[in-house]
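The residues of the chain are indexed from 1 along the displayed sequence. Note that this is a predicted model, so its numbers are computed, not measured.
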Amino acid sequence: MKFLYAALISLFSTKVLAGPACPVCTIAIGASLGIAQKLGVDDCVVGIWAGAMLAMIGYWMIRWFDKKGWTFKGYKQLLMVLSVSMIGFVYISELKYEPSIIWGIFFIDSFLFTTILGAVVLILGMHFYQWMKAKNGGHAHFPFEKVVVPVLAVLLTSVIIAYYPVCNCSKGETIPVTADVIPSFD
C-alpha cells in the first residue's frame with residue numbers, strides 16, 4: 001500500500017527538477033528491499049541497497065533545504081548523516097544488533113556496516129560520474145549514464161559482498177565477541 005501511495009504522489013508532482021536521484025529509482029529500490037528479503041537474499045546485500053536508498057533520500061533533503069534557503073555551515077553533511085542513520089528505524093524490529101569484527105579493524109554490526117558501505121559507494125559513484133562528465137567536456141558518454149554509473153557501482157559492491165562475505169549477516173561467519181576482544185579502560 002505504501003508503494004502505491006508513493007507511486008501516486010510521484011505521478012502527480014507538478015514540477016520535476018533534475019537531481020541526483022529520480023523518484024522512480026528511489027521507489028524501485030525501496031520496494032525491492034522487502035522483495036529481496038523474501039527471496040532469501042543475504043541481509044548484507046540488502047543493507048548495501050538500503051544504504052544507497054537512504055543516501056538518495058539524503059540528497060533529496062539537501063535539495064529541499066537549498067530550495068527553502070535553509071542553509072548553515074555543515075548542513076549537507078548533517079542531513080546526509082541523519083538520512084543514512086535512519087536505517088536503525090527502518091529495520092529495528094527485524095534485525096538484532098550483533099557487532100562483530102569486520103576486516104580486522106571495524107567492530108560494528110554487519111548490517112549497519114553494509115548500509116554505510118552502500119551509501120558511500122552510491123555517493124562515490126555519483127561523484128565518479130561527475131568527474132567522467134567533466135573529462136568529456138560536460139557531456140555524458142551515453143544516455144542515462146548519470147543513473148547507470150552509481151547503480152552499477154552499488155550492484156558491483158553487492159556482487160562482491162554476496163560472493164565474498166566479509167561480515168556476518170545471514171550467510172557470513174561470525175567472530176565471537178568475548179571479553180578479551182573488547183578493550184578494558186580500567
Rounded to the nearest 0.5 Å, what separates atom [atom1] in [X] from atom [atom2] in [Y]?
X	Y	atom1	atom2	result
Leu117	Ile161	CG	CD1	6.0 Å
Trp131	Asn136	CH2	CG	11.0 Å
Lys135	His141	NZ	NE2	11.0 Å
Ser158	Leu152	OG	CG	10.5 Å
Glu145	Lys133	CD	NZ	9.0 Å
Ile108	Thr115	CD1	OG1	9.0 Å

Notebook entry, point to check: Nearest heavy-atom pair of Phe72 and Tyr75: which atoms, and what distance?
Noted result: O-CD2, 2.9 Å
Margin query: Using every non-hydrogen atom in the two residues, find where Tyr129 and Ala140 come nearest and quote the distance to one decimal.
Written below: OH-CB, 4.0 Å
ILVMFWY network linking [X] to [Y], side-chain heavy atoms under 4.5 angstrom:
X	Y	answer
Val148	Leu124	no
Phe128	Val121	no
Met126	Trp64	yes
Met80	Met61	yes
Ile123	Ile62	yes

Notebook entry, point to check: In a check of side chain to side chain contact (heavy atoms under 4.5 Å, CB included) between Trp49 and each of Leu155, Thr157, Leu54, Leu122, which one passes?
Noted result: Leu155
Next item on the list: Could you pull out all residues at least two apart from His127 that satisfy side chain to side chain donor-acceptor pair (under 3.5 Å)?
Entry: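 For His127, no residue satisfies side chain to side chain donor-acceptor pair (under 3.5 Å) once neighbours in sequence are set aside.
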Item checked: For Gln77, side chain to side chain donor-acceptor pair (under 3.5 Å) partners two or more places apart ->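 Here no residue qualifies.
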Checklist line | Non-neighbouring partners of Tyr163 that pass ring pair (Phe, Tyr, Trp, His ring centres under 6.0 Å), sequence neighbours left out | finding: none
Note to self: Can a donor-acceptor pair be found, under 3.5 Å and without considering hydrogens, that links the side chain of Asp42 to the backbone of Val45?
What the structure shows: no
Margin query: Quick check against the 3.5 Å criterion: does Ser83 have a side-chain atom that pairs as donor or acceptor with the backbone of Leu79?
Written below: no
Check: Do the ring planes of Phe65 and Trp70 sit parallel (below 30°), tilted (30 to 60°) or perpendicular (above 60°)?
Finding: perpendicular
